[in-house]
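Working notes, structure below.
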Amino acid sequence: MTFLCLVFTLSLLGVRGLGDPGPLEDVVIDRYYVPKVCLREVQMGDFVRYHYNGTFQDGTKFDSSYDRGATVAGVAGVGRLITGMDRGLQGMCVNERRHLIVPPHLGYGSIGVAGLIPPDTTLYFDVIMLDIWNKEDKLQITTLFKPQRCNRTVENTDFVRYHYNGTLLDGTPFDTSYGKGSTYDTYVGSGWLIKGMDQGLLGMCAGEKRRIVIPPFLAYGEKGYGTVIPPQASLVFDVLLIDLHNPKDGISLEHLEVPASCKRKAVTGDFVRYHYNGTLLDGTLFDSSYSRNHTYDTYIGKGFIIPGMDQGLQGVCIGEKRRIIVPPHLAYGEDGAGNKIPGSAVLIFDVHIIDFHNPTDSVEIETTYRPADCNVTSQDRDFVRYHYNCSLLDGTRLFSSYDYENPQEVTLGASKIIEGLNQGLLNMCVGERRTLIVPPHLGHGESGARGVPGSAVIYFEIELLHFEPGVPEGYLFVWHNDPPENLFEAMDLNKDGEVPFEEFSTYITSQVAEGQGRLVPGSEPTKVIGDMFQNQDRNKDGKITAEELKLKSDEDQVKHEEL
């Protein structure tokens, strides 16, 4: 191949214009159009394709490849063309145009061509070169763009998806995938492509752009293809590789960020909440949980999600960021999904694990501080006062008792707080501090609560400030010892056979003050005593008689319990 173009002009040969130059010894060449880029020039032995018009001096046409609707194809410089044409084609570039004047002795001489070209006739040719190649040619590959990140390149037996523009060597387009609205999808090295494309795609990265120039013997050869690719045509493909995979591929994992502490890793059967961005291999975004401002929540390993994600989420830590590359046979296969995931598409998921749990999980309790003199601890039905901070496992702050004037107060076991927090407050000493990790089935469940997402694992920091012994469920007052043998007489302060509210209240208040019994803690005493009186005033006449007064222990057959 040479980039040197020898220009023969009429003025150098002493010829004026293109009229009758008189006897010529050689071909006269007028290169009236030479392309700016000339990657190759015709040399002896090259196979060429060209169009031409042939005329006599007076302009009469004697032949034209255009009129036949087919280019001329042949080997230049080996005597298969008239000598003048052989010489006139030497050094031509693709798309170059020449005007040739061929003297008779380099054309058809004194014999001519019967009925077509008279003897001793000078011939005039307008020629445009369309294609040049040689049997020694190889595939020409030019990398137009290569992405910085390239984890894998095309190998034989891979399945590839790519876009392309196909042209002849002179730039004439013959096909494009872009106009069809979908990529060209095929296996490499399996005989489904022309040999030049099978070779030209090898070693490509997803996102790479190449120009592949294919000689005819690695393309459609002497037969061509239909009406768009002539026989013996070199082909040029500008290829953009969209993605690639192999049917034997599994998922590929990249650990982008792993927390320093990972107490437990997710396994089959766990319920995972995570955010993700889903892209095709070329970076096209097809879905994102962030855009919905809601995590994707699902069980893993149970077939609720595509197999590649079921596998890719195994072993994740809470807070981990992971890239999962899923081949199509572990994603949406040949059919794709909707109008955003094409068939046979490789998918990339960048995931951030917010939390996970198992339906069998219990509350995780860790004591961070316990006083040395811890002898008495909180029990079920006790009234407790405590401080807390509450957040999600990703650190998102939810609630805090420190935001309010007073600490939180509750009676344990009264179903006033979530079960996980209730469990975490049991068996604590005053002054003790704990951290709790509460799974959603012991928290706010699948529906969540105000400010708490559904199925969220919750993290608590708690400190017990105070507790008072409680009373059993369903009771408002309990005796510390056995109640008086004749309780009604003890209550009937004026001994008139009736106990109005004033006497009832005075008596119960005195029992509490003397340490003989206790009211349910955490409630207004007057209201509690009022509720007790209403329970005993069975006929609702505003006073209690001996027949009406009954201990709950008499009714429930339980000792030392409430009126």
Side-chain angles (χ1 to χ4, degrees), residues 363-440 442-445 447-453 456-478 480 505 508-509 511-515 517-534 562:
V363 181
E364 293 183 34
I365 301 174
E366 180 179 348
T367 298
T368 58
Y369 172 75
R370 188 178 179 93
D373 57 344
C374 180
N375 298 317
V376 182
T377 61
S378 56
Q379 302 298 316
D380 190 44
R381 307 304 303 175
D382 284 353
F383 175 77
V384 298
R385 185 176 296 116
Y386 62 98
H387 267 309
Y388 73 92
N389 289 315
C390 176
S391 63
L392 301 179
L393 287 192
D394 65 354
T396 301
R397 185 176 184 274
L398 296 176
F399 313 108
S400 174
S401 63
Y402 295 96
D403 294 339
Y404 303 96
E405 184 176 350
N406 297 311
Q408 185 79 5
E409 296 178 343
V410 75
T411 297
L412 297 178
S415 300
K416 299 297 183 181
I417 55 175
I418 59 173
E419 178 59 25
L421 179 56
N422 193 94
Q423 292 181 21
L425 286 166
L426 290 172
N427 302 309
M428 288 188 76
C429 300
V430 172
E432 184 174 344
R433 293 191 290 270
R434 289 179 175 179
T435 62
L436 314 176
I437 297 178
V438 180
L442 298 175
H444 293 285
S447 301
R450 187 180 63 179
V452 182
V457 179
I458 305 174
Y459 178 79
F460 284 94
E461 296 172 322
I462 59 173
E463 179 182 4
L464 186 64
L465 304 177
H466 168 81
F467 75 85
E468 300 174 24
V471 298
E473 184 176 3
Y475 291 74
L476 299 176
F477 175 89
V478 295
H480 291 159
S505 177
I508 296 297
T509 301
Q511 295 302 297
V512 172
E514 294 169 8
R518 68 179 182 273
L519 295 168
V520 59
S523 299
E524 175 61 37
T526 301
K527 182 181 184 306
V528 175
I529 294 173
D531 290 342
M532 292 171 63
F533 182 82
Q534 291 297 322
E562 178 270 319

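Hydrogens, waters and symmetry mates are skipped; everything else that's a heavy atom, side chains included, is used.
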- Applying salt bridge (charged side-chain N to carboxylate O under 4.0 Å, His left out), which residue pairs with at least one partner in residues 369-383 are found, sequence neighbours left out? R370-E432
- Could you note down all residue pairs passing salt bridge (charged side-chain N to carboxylate O under 4.0 Å, His left out) where residues 412-430 supplies at least one of them, sequence neighbours left out? none
Rounded to the nearest 0.5 Å, what separates atom [atom1] in [X] from atom [atom2] in [Y]?
X    : Y    : atom1 : atom2 : value
E366 : R434 : CD    : CZ    : 11.0 Å
I365 : I462 : CD1   : CD1   : 7.5 Å
L436 : L442 : CG    : CG    : 11.0 Å
H480 : E514 : NE2   : CD    : 12.5 Å
H387 : L465 : NE2   : CG    : 5.5 Å

- Query: Considering residues at least two apart in sequence or located in another chain, which fulfil the side chain to side chain donor-acceptor pair (under 3.5 Å) criterion with T368?
  - Reply: none
Which pairs would a plain distance check flag for residues 389-398, meaning a side-chain donor or acceptor within less than 3.5 Å of a matching protein atom at least two apart in sequence or in another chain?
{"from": "N389", "atom 1": "OD1", "to": "S400", "atom 2": "OG", "distance (Å)": "2.6"}
{"from": "N389", "atom 1": "ND2", "to": "E461", "atom 2": "OE1", "distance (Å)": "3.4"}
{"from": "D394", "atom 1": "OD1", "to": "T396", "atom 2": "N", "distance (Å)": "3.0"}
{"from": "D394", "atom 1": "OD1", "to": "T396", "atom 2": "OG1", "distance (Å)": "2.8"}
{"from": "D394", "atom 1": "OD2", "to": "T396", "atom 2": "OG1", "distance (Å)": "3.3"}
{"from": "R397", "atom 1": "NH1", "to": "D403", "atom 2": "OD2", "distance (Å)": "3.4"}
{"from": "R397", "atom 1": "NH2", "to": "D403", "atom 2": "OD1", "distance (Å)": "3.0"}
{"from": "R397", "atom 1": "NH2", "to": "D403", "atom 2": "OD2", "distance (Å)": "2.8"}

Contact between [X] and [Y] at the side-chain level, heavy atoms closer than 4.5 Å - yes or no?
X    : Y    : answer
L464 : T377 : no
V363 : F460 : no
Y386 : L421 : yes
F467 : L425 : no
M428 : V384 : no
P440 : V457 : yes
Y475 : V520 : no
R518 : V471 : yes

- State whether the side chain of S401 and the backbone N or O of P407 hold a donor-acceptor pair below 3.5 Å, judged by distance alone. no
- Message: Please check this pair: side chain of N422 against backbone of I417, looking for a donor-acceptor N/O pair closer than 3.5 Å.
- Response: no
- Query: What's the verdict on side-chain contact (heavy atoms from CB on, under 4.5 Å) for L412 and Q379, showing C-alpha distance, side-chain angles and the deciding distance?
  - Reply: CA-CA 7 Å; L412 297 178; Q379 302 298 316; over 6 Å; no
- Above 12 or not: heavy atoms from other molecules or residues under 6.0 Å from OH of Y402? yes
- Should the ring pair F383 and H466 be called parallel, tilted or perpendicular, given that the plane angle runs from 0 to 90° and is split at 30 and 60? perpendicular
N/O donor to acceptor pairs below 3.5 angstrom from side-chain atoms of residues 525-533, sequence neighbours left out:
{"from": "K527", "atom 1": "NZ", "to": "D531", "atom 2": "OD2", "distance (Å)": "3.1"}

- Determine the minimum heavy-atom distance between G451 and P453, stating which atoms define it. O-CD, 3.8 Å
- All salt bridge (Lys or Arg N to Asp or Glu O under 4.0 Å) counterparts of R385, not counting sequence neighbours: E409
